[in-house]
Student: 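Supplied in structure tokens, the structure appears directly below.
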Amino acid sequence: MDDQPRLMHSTHGVGMAGHPGLAQHMQDGTGGADGEGRKQDIGDILQQIMTITDQSLDEAQARKHALNCHRMKPALFNVLCEIKEKTVLSIRGAQEEEPPDAQLMRLDNMLLAEGVSGPEKGGGSAAAAAAAAAAGGGGSDNSVEHSDYRAKLSQIRQIYHTELEKYEQACNEFTTHVMNLLREQSRTRPISPKEIERMVGIIHRKFSSIQMQLKQSTCEAVMILRSRFLDARRKRRNFNKQATEILNEYFYSHLSNPYPSEEAKEELGKKCSITVSQVSNWFGNKRIRYKKNIGKFQEEANMYAAKTAATATNVSTHGSQANSPSTPNSAGDSFLCDQPDATST
DNA sequence: CAAAATGATTTATA
DNA sequence: TATAAATCATTTTG
């Protein structure tokens with residue numbers, strides 16, 4: 001509360017009172033019978049204007065009143081207006097049109113996408129409970145973690161909104177304060193509405209840069225939260241034995257071309273109770289790891305070859321199973337483009 | 001506990 | 001856009 005007038009003092013109070021040609025100008029206008037006395041008089045007034053904001057509030061109020069009632073005031077004001085008229089050009093030149101900041105837009109978009117700055121759904125902690133209750137039955141394991149995430153997210157959102165509101169309020173408060181101040185001062189020195197507008201713009205820019213910091217750190221918090229809760233690598237579960245079995249069966253029985261079609265992936269996913277993308281992940285990992293070290297997988301390959309052979313023969317003719325577990329190694333593995341060192345033998 | 005295994009993500013490529 | 005390859009973050013194993 002004490003700081004604000006001082007700020008205004010530093011930005012506006014000094015610049016205009018110290019005009020070099022002022023005293024001379026005044027003297028010319030008044031004919032100069034007792035010029036010395038007037039000069040002194042005007043000097044006093046200017047001095048008072050310059051120091052007015054350094055004084056206590058009551059003192060300043062009294063001083064202002066005295067100034068306003070001073071007989072020289074209208075004339076002095078006119079002169080100040082005249083001087084202002086001449087310098088206003090330089091002010092107009094200093095208008096920089098800022099394009100909407102790309103960084104700020106990115107932050108806004110992200111906050112909106114993460115549901116931080118959007119409309120709040122439910123009532124804070126109630127939202128988490130609702131989310132947990134909504135997804136009953138199936139993936140209960142997943143939804144518990146998810147609700148935890150939502151709870152944390154709504155916490156972040158609440159802090160964000162509280163802070164944002166605080167800044168907004170502070171900004172408005174400060175703006176009205178400055179505007180009142182300027183309006184008041186415009187009785188003593190010339191201030192056009194445009195200048196006030198400009199000042200308000202400056203204040204808003206300052207505050208929005210503060211808001212941007214808030215948005216920045218909120219984004220960081222959300223990112224950390226995401227990586228903590230939503231990154232699937234952090235809560236990886238191995239597939240159950242049966243699923244692995246099914247996938248391996250397919251892989252080794254299609255070893256020459258282990259690239260299941262979209263439909264095949266869907267079917268495998270259904271059989272293994274995993275998603276299609278999990279099937280894709282599995283085959284991607286399997287292909288690269290098989291190719292990288294065929295020797296290590298030889299045993300597994302033989303095993304599954306034997307297994308599929310056995311089931312095949314079981315289905316067709318229940319009798320003979322004397323098929324040797326032919327190693328499906330170099331059986332036209334077109335997916336093995338180049339062979340790295342097949343370590344061990 | 002260290003190393004191996006493993007599912008998921010990221011990056012590069014055709 | 002699907003895949004290869006590298007990498008990450010866990011789980012399993014010895």
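Each chain gets a letter, A, B and so on, in the order the sequences are listed, and its residues count up from 1. Quick caveat, the model's predicted, so the values are computed rather than measured.
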Student: Would you say a side-chain N or O of A/Q278 is under 4.0 Å from OP1 or OP2 of B/dA8?
Tutor: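 Checking A/Q278 against B/dA8: at least one side-chain N or O falls below 4.0 Å of OP1 or OP2.
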Student: Applying a 4.0 Å non-hydrogen cut-off, can you work out what A/K265 is touching in the nucleic acid: base, sugar-phosphate, or nothing?
Tutor: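 Result for A/K265 = sugar-phosphate.
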Student: In terms of the angle between their ring planes, are A/Y250 and A/F283 parallel, tilted or perpendicular, with boundaries placed at 30° and 60°?
Tutor: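 Because their plane-to-plane angle is over 60°, the rings of A/Y250 and A/F283 count as perpendicular.
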Student: Distance criterion of 3.5 Å, no angle test: do you see the side chain of A/N285 paired donor-to-acceptor with the base of B/dA8?
Tutor: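 Per atom types, the contact qualifies.
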Student: One thing to verify: whether A/R198 and A/E195 come together as a salt bridge, which I'm taking to mean a side-chain N less than 4.0 angstrom from a carboxylate O.
Tutor: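 Judged by the 4.0 Å cut-off on N to carboxylate O distance, A/E195 and A/R198 do not form a salt bridge.
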Student: Would you classify A/R289 as touching base, sugar-phosphate or nothing, given that sugar-phosphate means primed atoms plus P, OP1 and OP2, and contacts are heavy atoms under 4.0 Å?
Tutor: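 Base contact.
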Student: Is the phosphate of C/dA6 approached by A/K292 (side-chain N or O, under 4.0 Å from OP1 or OP2)?
Tutor: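 For A/K292, the contact criterion (side-chain N or O under 4.0 Å from OP1 or OP2 of C/dA6) is met.
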Student: Would you say that more than 12 heavy atoms from the other residues, nucleotides or ligands in this model lie under 6.0 Å from the CD of A/E249, or not?
Tutor: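 More than 12 within 6.0 Å, yes.
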Student: Can you establish whether the number of heavy atoms outside A/K286 located under 6.0 Å from its atom NZ is more than 12?
Tutor: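 Yes, the 6.0 Å shell around NZ holds more than 12 heavy atoms from other groups.
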Student: Considering only heavy atoms and no angle criterion, is a donor-acceptor pair shorter than 3.5 Å present between the side chain of A/R236 and the base of B/dT6?
Tutor: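 Checked by distance alone, the answer is yes.
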Student: Does a side-chain N or O of A/R234 approach OP1 or OP2 of C/dC8 to a distance below 4.0 Å, or not?
Tutor: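 It does not, given that no N or O in the side chain of A/R234 lies less than 4.0 Å from OP1 or OP2 of C/dC8.
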Student: Would you say A/N281 places a side-chain N or O within less than 4.0 Å of OP1 or OP2 belonging to B/dA8?
Tutor: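 Affirmative; the distance criterion is met.
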